[in-house]
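Remarks on the structure that follows.
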Amino acid sequence: MSQIPTVEKILLGVDVLDYALPQGVPRNSLILLAGEGGSGKSVLALHVTKSFLGRGEPAIYVSLDDDPVTIVSQFASFGVDVIKHVAERRLFIVDGFSFRIRGRKEKFHETVAEEVDAQQPDNVLYTLIKLLDDNKIRNRGIVVLDSLNEFLSYQDPIKIVDFVKNVRANASKARNVLVIAVLHTSTEDLKELALSIEHLVDGVMITETVVQHPAAGEIPLALRQLLVKKMKGVPHRVNWTLFTID
């Protein structure tokens with residue numbers, strides 16, 4: 001009788017996430033990281049990327065909201081040697097922002113691996129699959145999509161749902177690569193979109209900003225909180241967990 005295949009579980013390498021997910025997450029997961037603006041989503045995604053790079057795993061960071069210079073500066077502020085990881089073909093920054101810049105004839109930054117047009121989700125998907133295959137990224141590594149909101153400027157939400165399904169099928173399931181997709185849910189329509197995606201993904205994590213929590217006493221801490229709403233294949237804490245961003 002053939003054995004049931006097992007999926008490796010990996011820690012995300014960030015204190016608040018490892019606390020909420022003490023056994024980690026299945027490597028073949030697509031996780032939706034949703035919350036209002038300023039609640040810490042992108043910072044958490046950057047720190048998870050840093051963790052993967054630190055243990056020698058490749059990372060593809062698809063930047064749709066910000067220009068490459070800003071992304072490189074953020075990585076550097078967290079102690080990531082971007083130039084080194086790019087030179088060693090461990091970090092691949094996909095620029096989905098600079099297509100907006102008129103008259104530009106060259107890459108916006110030397111660290112950019114590929115450029116994509118966020119008006120065309122199929123172009124983003126094709127580029128992502130090509131990067132995974134050209135660099136033999138299977139059974140390791142992480143893909144971060146920051147964020148899905150950029151597609152909504154040009155596409156019907158139904159096409160975004162289809163894009164998420166295709167990324168999950170081709171990256172997470174076919175190539176066993178963890179994917180974190182960020183979604184800013186600052187309006188009711190975006191919250192509805194998050195709900196429409198939840199059943200399609202393997203995990204859902206929600207972040208919120210806490211202006212002042214009783215546990216902080218008189219100290220005005222900029223607190224956030226995280227809730228693992230869903231995570232297939234692993235146990236997780238079911239309550240909100242407070243965290244700060246240094």
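The residues of the chain are indexed from 1 along the displayed sequence. Below, each value reflects all heavy atoms present in this structure, side chains not excepted, and no hydrogens, waters or symmetry copies.
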Write down the atom of [X], the atom of [Y], and the distance for their closest heavy-atom approach.
X	Y	answer
Met205	Leu226	CB-CD1, 4.1 Å
Thr207	Ser39	OG1-OG, 2.7 Å
Gly141	Arg27	N-NH1, 3.5 Å
Leu148	Leu183	CB-CD1, 4.1 Å
Ala174	Asn170	CB-O, 3.5 Å
Tyr19	Pro22	O-CD, 3.6 Å

| field | Full working for side-chain contact (heavy atoms from CB on, under 4.5 Å) between Asp122 and Phe163 | value | CA-CA 8 Å; Asp122 286 346; Phe163 172 78; 6.0 Å; no

To the nearest 0.5 Å, how far apart are [atom1] in [X] and [atom2] in [Y]?
X	Y	atom1	atom2	result
Leu46	Ile71	CG	CD1	6.0 Å
Phe151	Lys159	CZ	NZ	12.5 Å
Leu178	Leu12	CG	CG	6.5 Å

| query | Could you go step by step and tell me if Glu36 and Lys191 meet the salt bridge (Lys or Arg N to Asp or Glu O under 4.0 Å) rule? | reply | CA-CA 9 Å; Glu36 295 183 355; Lys191 290 176 182 177; 3.7 Å; yes

Do [X] and [Y] have a side chain donor and acceptor closer than 3.5 Å?
X	Y	value
Asn139	Asn176	yes
His109	Thr111	yes
Thr187	Asp189	no

When you compare the side chain of [Y] with that of [X], does any pair of heavy atoms fall below 4.5 Å?
X	Y	result
Ser42	His184	yes
Phe99	Gln119	yes
Val43	His47	yes
Leu145	Val179	yes
Glu192	Thr185	no
Gln225	Thr241	no

State whether the side chain of [X] and the backbone N or O of [Y] hold a donor-acceptor pair below 3.5 Å, judged by distance alone.
X	Y	value
Lys230	Glu198	yes
Arg224	Gly38	yes
Lys9	Gln23	no
Ser29	Val25	no
Thr70	Asp66	no
Lys173	Arg168	no
Asn123	Val116	no

| Yes or no on side-chain contact (heavy atoms from CB on, under 4.5 Å) for Phe243 and Val14, after CA distance, side-chain angles and deciding distance? | CA-CA 11 Å; Phe243 68 98; Val14 179; over 6 Å; no

| task | Report the C-alpha separation of Val94 and Leu131 in whole Å, then their side-chain angles, then the decisive distance to 0.1 Å, and conclude whether the side-chain contact (heavy atoms from CB on, under 4.5 Å) test is met. | result | CA-CA 10 Å; Val94 177; Leu131 272 175; 3.5 Å; yes

| message | Any salt bridge linking Glu208 with Lys41? Criterion: basic side-chain nitrogen under 4.0 Å from a carboxylate oxygen. | response |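 Salt bridge absent between Glu208 and Lys41.
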
| task | Quick one: do Val234 and Met231 satisfy side-chain contact (heavy atoms from CB on, under 4.5 Å)? Show the steps, please. | result | CA-CA 6 Å; Val234 292; Met231 196 66 64; 3.5 Å; yes

| message | Please list all pairs meeting salt bridge (charged side-chain N to carboxylate O under 4.0 Å, His left out) that have one or both residues in residues 134-147, counting only residues at least two apart or in different chains. | response |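 Found Lys130-Asp134.
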
| task | Identify the residue among Ile31, Leu30, Val177, Val167 that makes a side chain to side chain contact (heavy atoms under 4.5 Å, CB included) with Ser172. | result |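 Result: among Ile31, Leu30, Val177, Val167, Leu30 is the only option passing the side chain to side chain contact (heavy atoms under 4.5 Å, CB included) with Ser172.
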
| Centroid-to-centroid, Tyr61 to Phe92, below 6.0 Å? |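 No, too far apart.
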
| field | Phe97: side chain to side chain contact (heavy atoms under 4.5 Å, CB included) partners, not counting sequence neighbours | value |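 Phe97: side chain to side chain contact (heavy atoms under 4.5 Å, CB included) contacts with Asp67, Asp95.
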
